[in-house]
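For this chain, numbers begin at 1 and follow the sequence in order.
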Amino acid sequence: MMIYLILILAALFAIYWTVKTKKLFPGIISIGMVVGIALVLPRIESILLPGFYIYMAFVALAFVYGFIAKKKSFVTRLTICLLAASMFTYWLWVLNHWHGNTLLIPIFALLIFVAGLLSNAKLKNEWGFMVIMVADAVAIIL
């Protein structure tokens, strides 16, 4: 139940932040992740896997955004790319039933986020989807 609450609060914050900032590309990423979460949370078998794939697609899109956002600083772009890559890798690992250190990846994602905050990464427009990925990492660890 706690995991659902964390993800729902993160999704609501992402919607709020998208409406507040009115930036197109970060807003598309945030709303896409929220749609993926909305499809996964009811745990209906027929929409569960498509929900994961939608979520993963928009996490991959967040990686692309971090890679092509030339106006952002290197630390900001690196934080976005590493966090998105780590969460995409986790879900790729889990959905393919690969064995390995799947618990280390969300811990790595949280460390990346903390390092980005400590190094003053300017994530003003990206808070919506960054909070979703961090909440996802926290939910995985819990």
### Query
Please walk me through it: do Ile80 and Lys72 pass side-chain contact (heavy atoms from CB on, under 4.5 Å)?
CA-CA 10 Å; Ile80 294 169; Lys72 301 287 180 187; 5.5 Å; no
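- Connectivity analysis of hydrophobic side chains (ILVMFWY, heavy atoms under 4.5 Å, direct or indirect) links Leu5 to Leu9.
- Legend: residues meeting side-chain contact (heavy atoms from CB on, under 4.5 Å) with Leu41, ordered by chain and number and at least two apart, are Tyr4, Leu7, Ile8, Ile37.
- Listed by chain and residue number, Ser73 satisfy the side chain to side chain donor-acceptor pair (under 3.5 Å) test with Thr76 (two or more places apart in sequence, or in another chain).
- Under the side-chain contact (heavy atoms from CB on, under 4.5 Å) criterion, Asn120 pairs with no residue, sequence neighbours left out.
- Between the OG1 atom of Thr89 and the CE atom of Met56 there is a distance of 8.5 Å, given to the nearest 0.5 Å.
- Under the side-chain contact (heavy atoms from CB on, under 4.5 Å) criterion, Ala38 pairs with no residue, sequence neighbours left out.
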Side-chain donor-acceptor pairs under 3.5 Å in residues 61-70, sequence neighbours left out?
residue : atom : partner : partner atom : Å
Tyr65   : OH   : Glu126  : OE2          : 2.5

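- A donor-acceptor pair under 3.5 Å is formed between the side chain of Trp127 and the backbone N or O of Leu123.
- Atoms CZ and NZ, from Arg77 and Lys122 in turn, are 15.0 Å apart once rounded to the nearest 0.5 Å.
- Contact check for Val34 versus Phe58: no side-chain heavy atoms found under the 4.5 Å cut-off.
- Minimum interatomic distance between Ser86 and Ile105 (heavy atoms only, all atoms of both residues): O-CG2, 2.9 Å.
- Partners of Trp91 according to the side chain to side chain donor-acceptor pair (under 3.5 Å) rule, which considers only residues two or more places apart in sequence or in another chain, are Asp136.
- Follow the hydrophobic side-chain contacts under 4.5 Å out from Leu104 and you never reach Trp93; the two are in separate clusters.
- To the nearest 0.5 Å, atom CG of residue Leu142 and atom CD1 of residue Ile3 are 6.0 Å apart.
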### Message
Checking Leu92 against Trp98 for the side-chain contact (heavy atoms from CB on, under 4.5 Å) test, could you report, in this order, the C-alpha distance in whole Å, the side-chain angles of both residues, the deciding distance, and whether it holds?
### Response
CA-CA 8 Å; Leu92 182 69; Trp98 294 338; 4.0 Å; yes
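- The side-chain hydrogen bond (donor to acceptor under 3.5 Å, both in side chains) pairs that include a residue from residues 108-117 number zero, where partners must be two or more places apart or lie in different chains.
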List the atom pairs, with distances to 0.1 Å, where a side-chain N or O of residues 106-117 and a protein N or O form a donor-acceptor pair under 3.5 Å, not counting sequence neighbours.
none

List the atom pairs, donor and acceptor, that lie under 3.5 Å between side-chain atoms in residues 14-21 and the rest of the protein, sequence neighbours left out.
residue : atom : partner : partner atom : Å
Trp17   : NE1  : Lys124  : O            : 2.6
Thr18   : OG1  : Ala14   : O            : 2.7
Thr21   : OG1  : Trp17   : O            : 2.9

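- Applying the 4.5 Å side-chain rule to ILVMFWY residues, one finds that Val75 remains a lone member of its cluster.
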Can I get a per-line list of side-chain donor-acceptor pairs under 3.5 Å for residues 24-32, giving both atom names and the distance, sequence neighbours left out?
residue : atom : partner : partner atom : Å
Ser30   : OG   : Pro26   : O            : 3.0
Ser30   : OG   : Phe129  : N            : 3.2

### Task
May I have the step-by-step check of side-chain contact (heavy atoms from CB on, under 4.5 Å) for Leu95 and Leu49, ending in yes or no?
CA-CA 9 Å; Leu95 291 175; Leu49 201 55; 4.0 Å; yes
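- Using a 4.5 Å heavy-atom cutoff, the side chains of Val40 and Tyr55 are not in contact.
- There is no path of hydrophobic side-chain contacts, each under 4.5 Å, that joins Leu118 to Met133.
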